[in-house]
> 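Take this structure first; my questions come after.
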Amino acid sequence: MNYLEGLNEPQREAVTHGEGPLMIIAGAGSGKTRVLTYRIAHLMNRGVDPFRIMALTFTNKAADEMRSRLEKVVGTDARNIWAGTFHSVFSRILRIEAQKIGFTSQFSIYDTDDAKSLIRTILKEMSLDDKVYRVNNVLYRISSAKNNLISAEAYMNSAEYRADDEASRVPELGKVYKTYQERLRRANAMDFDDLLFNTNVLFRDHVDVLNKYQQKFHYMFVDEFQDTNISQYLITKKIAAVHQNICVVGDDAQSIYAFRGANIQNILNFQRDFPDTRIVKLEQNYRSTQNIVNAANSVIAKNKSQLQKNVWTANEEGNKIELIKASSDNEEGSLIANSIFEEKMLYQRHNDEFAILYRTNAQSRAFEEALRKKNIKYRLIGGVSFYQRKEIKDLISYLRFTINQSDEEAFKRIINLPKRGIGDTTVAKIVVAAMENNLTLWEVVANPKPYLGDRLSAPIENFSALIKSFHATSVIKDAYETAAHVAKASGLLKELHEDKTVEGLARYENVQELLNAIKEYVDNPESPDKSLSSFLQSVSLLTSADDEKDDKADRVTLMTIHSAKGLEFKHVFIVGMEEDLFPSQMMLSSMADLEEERRLFYVAITRAEHKLTLSYAETRYRFGRLQTCEPSRFLKEIDASYMRMTQNTRTFETERNTSFVKNLTTRKAPPVTTPATTHAPSTNFIASDTSTLTVGMKVEHPKFGFGVVTSIDFSTPDKKAKIKFEKDGEKTLLLSFAKLMIHE
DNA sequence: GACTCAAGTCTTTTT
DNA sequence: GACTTGAGTC
């Protein structure tokens with residue numbers, strides 16, 4: 001068969017391996033996705049029905065990628081494979097089997113915001129101090145427990161967890177966990193971890209259901225196996241138990257999700273649970289130059305715990321790795337932008353051949369500004385998702401509540417939106433009435449008079465009538481028509497339409513865009529069905545990495561290293577190579593964590609094909625203050641022979657007419673020195689006195705636009721400056737974080 | 001109950 | 001810098 005041509009020996013072995021468990025240890029750039037696709041194609045060519053194949057990935061993007069590659073090899077049959085993320089595939093199964101574990105198939109999926117909000121509510125009800133019980137921490141602990149399949153009951157009975165909670169001074173955590181689960185159940189809702197946890201429960205308690213899926217799926221594939229947690233592993237293990245045709249692909253050196261419960265131990269468990277496992281190692285790297293492969297190897301060699309592996313390449317030696325030192329985060333941005341500009345000019349490169357990778361999303365700002373200044377188009381992946389925006393969540397909440405009237409979080413969002421005179425106090429009364437009478441929120445809302453009296457009930461009755469009509473619509477109409485009706489009849493669209501500010505306009509357009517997306521979903525023949533609930537399910541599992549609109553456009557990519565996994569670029573910039581930032585300060589508590597950070601660095605390096613540039617800044621704004629930074633320890637771990645320091649002697653045009661006044665709170669701090677030399681002066685400096693900003697000066701504020709400073713007041717007791725500025729006769733008071741551009 | 005302004009809080013990564 | 005909370009006013 002022609003697709004076997006051009007494969008190396010181990011690749012060919014992996015593709016043609018017949019029945020029985022298979023583990024592929026795939027080094028970075030070793031053609032993993034290719035092998036995986038060909039293997040599935042190979043099976044289908046031998047007559048395996050695509051309906052009997054389940055392929056699990058970690059991101060929607062990876063699933064789409066696999067599907068489209070398969071389609072190229074085997075045609076549209078590929079669509080019949082059950083391919084998707086763990087969360088999407090098993091939420092689909094849970095939807096079918098929901099009744100068996102006490103949910104209805106209309107269950108809602110709570111995202112992280114909903115989960116946090118529910119925890120906040122519970123903490124308040126239990127009168128626990130949210131300064132001690134940090135919401136993030138509570139959710140993290142609950143999530144870890146679920147990922148290890150520890151139920152709330154088991155948690156409370158475990159001496160170990162109890163001791164740990166006592167030691168962390170959160171002794172009530174078990175109770176919070178238990179209440180949290182009860183509330184989810186009452187809301188007919190699951191959080192992300194529940195989708196996996198409940199699948200385990202389903203398979204454990206209903207052998208007939210398990211049998212059904214064991215019989216259905218003859219072949220299982222798990223991509224990025226090193227990132228599976230116990231909960232995910234057990235599901236796949238159970239389904240594969242009968243046919244034993246399970247193929248896992250992974251690389252322990254690229255395990256970067258331990259914080260989410262991923263367990264490299266699974267690689268060892270797999271060999272124990274499937275003793276006949278055939279192991280294939282893919283070690284030849286086809287992606288990167290020798291310098292890049294060698295540098296990556298020299299870094300990962302510092303890790304103690306890893307599987308024996310020898311990644312090598314026959315590619316050319318290539319450019320040395322470049323190291324750029326910048327004096328500030330903003331200068332880092334402009335140096336990188338310049339470097340991209342130069343490369344484009346010198347070598348006719350396209351924007352989409354470049355990627356800027358960073359540790360945290362917050363770092364993107366400086367690069368965005370610098371690229372914009374140079375007129376280089378970019379796309380930003382991650383950060384705040386389209387689906388996290390307020391106006392989008394609002395409409396989605398309406399839709400969720402239309403489908404599932406037990407959904408407490410959706411209810412709280414929409415009950416008084418647009419304003420209909422139902423304030424916090426009334427909502428609190430509803431909640432209390434529901435609790436005291438052992439009713440659901442909806443039962444109280446649908447019939448409020450006995451609990452709240454006539455006066456308060458009127459607006460609530462209007463609300464419940466509205467929802468009832470929405471629900472009736474959803475039964476007979478498809479997702480798009482229902483959503484369009486809800487957007488209009490709820491008053492959401494009208495309210496946004498009346499807001500004539502720039503932001504209001506953007507929000508209105510966003511809602512229209514959501515409606516377009518729903519239309520697209522309804523029109524797409526691959527959607528399972530056209531109902532609103534089916535759309536909501538798919539939309540709840542989308543992440544910020546999924547909502548790119550202009551994918552094809554020629555743009556520089558900006559993203560975190562985590563979201564870069566599985567991708568490759570001609571020229572990669574890894575920026576912010578500073579101690580405490582990368583490796584992250586929070587990760588330095590243990591050796592294991594440091595090793596995970598190092599693997600993250602390894603992942604970043606191995607994204608590069610031809611050229612790799614590292615950079616760090618000597619000063620950086622964090623916590624709203626200027627900090628001095630040390631170069632990252634990881635820089636020293638790269639063998640010096642693969643690197644070269646770029647002398648930062650290029651000259652830049654000085655922007656004399658623009659300067660930033662930033663963060664006047666710190667006016668007592670020493671001003672940042674801006675040497676009047678060939679170096680680009682940092683465009684940021686701290687105002688050391690009022691002389692840089694004077695009354696009557698014309699300024700530009702990023703949000704409010706052009707205006708004139710009318711007064712500056714440094715006399716406030718807490719050292720904060722008040723700057724007033726006037727715009728079109730309208731006075732605006734700016735607080736300490738005023739960031740004004742001065743046009744002289 | 002709705003709105004405004006000011007102060008306080010928090011920063012890792014993602015399904 | 002972004003977001004939440006709290007106090008004060010209408």
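Naming convention: chains lettered A, B, ... in sequence-line order (proteins, then strands); numbering from 1 in each chain.
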> Between B:dA2, B:dT15, B:dT12, which nucleotide gets closest to the side-chain atoms of A:Asn416?
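From the listed options, B:dA2 comes nearest.
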> Using a cut-off of less than 4.0 Å, is there contact between a side-chain N or O of A:Asn147 and OP1 or OP2 of B:dT15?
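Answer no for this pair, as no side-chain N or O of A:Asn147 is under 4.0 Å from OP1 or OP2.
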> Is the count of non-hydrogen atoms from other residues, nucleotides or ligands lying under 6.0 Å from A:Glu125 atom CD greater than 12?
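Atom CD in A:Glu125 is packed in, count exceeds 12.
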> Rounded to whole Å, how long is the line connecting atom CD1 of A:Ile415 with atom P of B:dA2?
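In whole Å, B:dA2 P and A:Ile415 CD1 are 11 Å from each other.
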> Looking at the base of B:dT13, is there any donor atom on it, or on the side chain of A:Arg260, that sits under 3.5 Å from an acceptor on the other one?
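Checked by distance alone, the answer is no.
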> Within the structure, does a side-chain N or O atom of A:Asn361 lie under 4.0 Å from either OP1 or OP2 of B:dT13?
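Checking A:Asn361 against B:dT13: at least one side-chain N or O falls below 4.0 Å of OP1 or OP2.
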> It should be established whether A:Thr426 places a side-chain nitrogen or oxygen under 4.0 Å from OP1 or OP2 of nucleotide B:dG1.
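A:Thr426 to B:dG1 OP1/OP2: side-chain N or O found under 4.0 Å.
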> Using every non-hydrogen atom in the two residues, find where A:Phe107 and A:Ser91 come nearest and quote the distance to one decimal.
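For A:Phe107 and A:Ser91, the tightest heavy-atom pair comes out as CZ-O, 4.1 Å.
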> Look at all strands and tell whether A:Asp111 reaches a base, only sugar-phosphate, or nothing, counting heavy atoms closer than 4.0 Å.
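No contact at all - A:Asp111 keeps every heavy atom at 4.0 Å or more from the nucleic acid.
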> Using OP1 and OP2 only, check whether a side-chain N or O of A:Lys419 sits under 4.0 Å from B:dC3.
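It does, given that an N or O in the side chain of A:Lys419 lies less than 4.0 Å from OP1 or OP2 of B:dC3.
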> Taking atom P of C:dG1 as reference, at what distance in whole Å does atom CD of A:Glu368 sit?
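The distance from CD of A:Glu368 to P of C:dG1 comes to 12 Å, rounded to the nearest Å.
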> Check this for me: does any side-chain nitrogen of one of A:Glu597 and A:Arg359 sit under 4.0 Å from a carboxylate oxygen of the other?
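Yes, charged N to carboxylate O under 4.0 Å.
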> Please report, rounded to the nearest Å, how far the P atom of C:dG1 is from the CD atom of A:Gln627.
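It is 15 Å, rounded to the nearest whole Å.
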> OH of A:Tyr140 versus P of B:dT12: gap in Å, rounded?
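So the two atoms are 12 Å apart, to the nearest Å.
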> In whole angstroms, how far is the P atom of B:dT15 from the OH atom of A:Tyr110?
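In whole Å, B:dT15 P lies 21 Å from A:Tyr110 OH.
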> Please tell me which of the listed nucleotides, B:dT12, C:dT5, B:dT14, lies nearest to the side chain of A:Ser563?
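Selected nucleotide: B:dT14.
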> With a 4.5 Å limit on heavy-atom distance, are the side chains of A:Met126 and A:Tyr133 in contact?
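Contact flag for A:Met126/A:Tyr133 side chains = no.
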> Between A:Arg365 and A:Glu368, is there a salt bridge with N-O shorter than 4.0 Å?
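A:Arg365 and A:Glu368: not salt-bridged.
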> In chain order, what residues pass the salt bridge (Lys or Arg N to Asp or Glu O under 4.0 Å) check against A:Asp193, with sequence neighbours excluded?
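Testing A:Asp193 for salt bridge (Lys or Arg N to Asp or Glu O under 4.0 Å), a comparison that skips the adjacent residues, returns none.
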> May I have the distance from A:Asp114 (atom CG) to B:dT15 (atom P), rounded to whole angstrom?
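Answer to the nearest Å: 16 Å.
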> Centroid distance below 5.5 Å plus an interplanar angle below 30 degrees: do A:Phe259 and B:dT13 meet both conditions?
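One would call A:Phe259 stacked on the B:dT13 base.
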> Looking at every strand, decide which applies to A:Phe86 at a 4.0 Å heavy-atom threshold: base, sugar-phosphate, or nothing.
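Counting heavy atoms under 4.0 Å across all strands, no contact is made by A:Phe86.
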> To the nearest angstrom, how far is A:Phe58 atom CZ from B:dT13 atom P?
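It works out to 19 Å between those atoms.
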> Does the side chain of A:Leu594 reach to within under 4.5 Å of the side chain of A:Pro583, using non-hydrogen atoms?
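Heavy-atom side-chain distance check passes, below 4.5 Å.
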> Kindly give the atom pairs (protein nitrogen or oxygen, nucleotide nitrogen or oxygen) under 3.5 Å for nucleotides 8-10 of chain C.
none

> In whole Å, I'd like the distance from the CG atom of A:Asp194 to the P atom of B:dT15.
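My rounded result for the distance is 18 Å.
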> Between A:Ile422 and A:Ile256, who's closer to the 5' end of DNA chain B by nearest nucleotide?
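Taking each residue's closest nucleotide, the earlier one in sequence belongs to A:Ile422.
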> If you check the A:Thr560 side chain, which of B:dG1, B:dT15, B:dT14 turns out closest?
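The listed nucleotide nearest to A:Thr560's side chain is B:dT14.
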> Could you check A:Phe225, A:Phe58, A:Phe90 and say which one makes a side-chain contact (heavy atoms from CB on, under 4.5 Å) with A:Gln232?
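Between A:Gln232 and the candidates, side-chain contact (heavy atoms from CB on, under 4.5 Å) is satisfied uniquely by A:Phe58.
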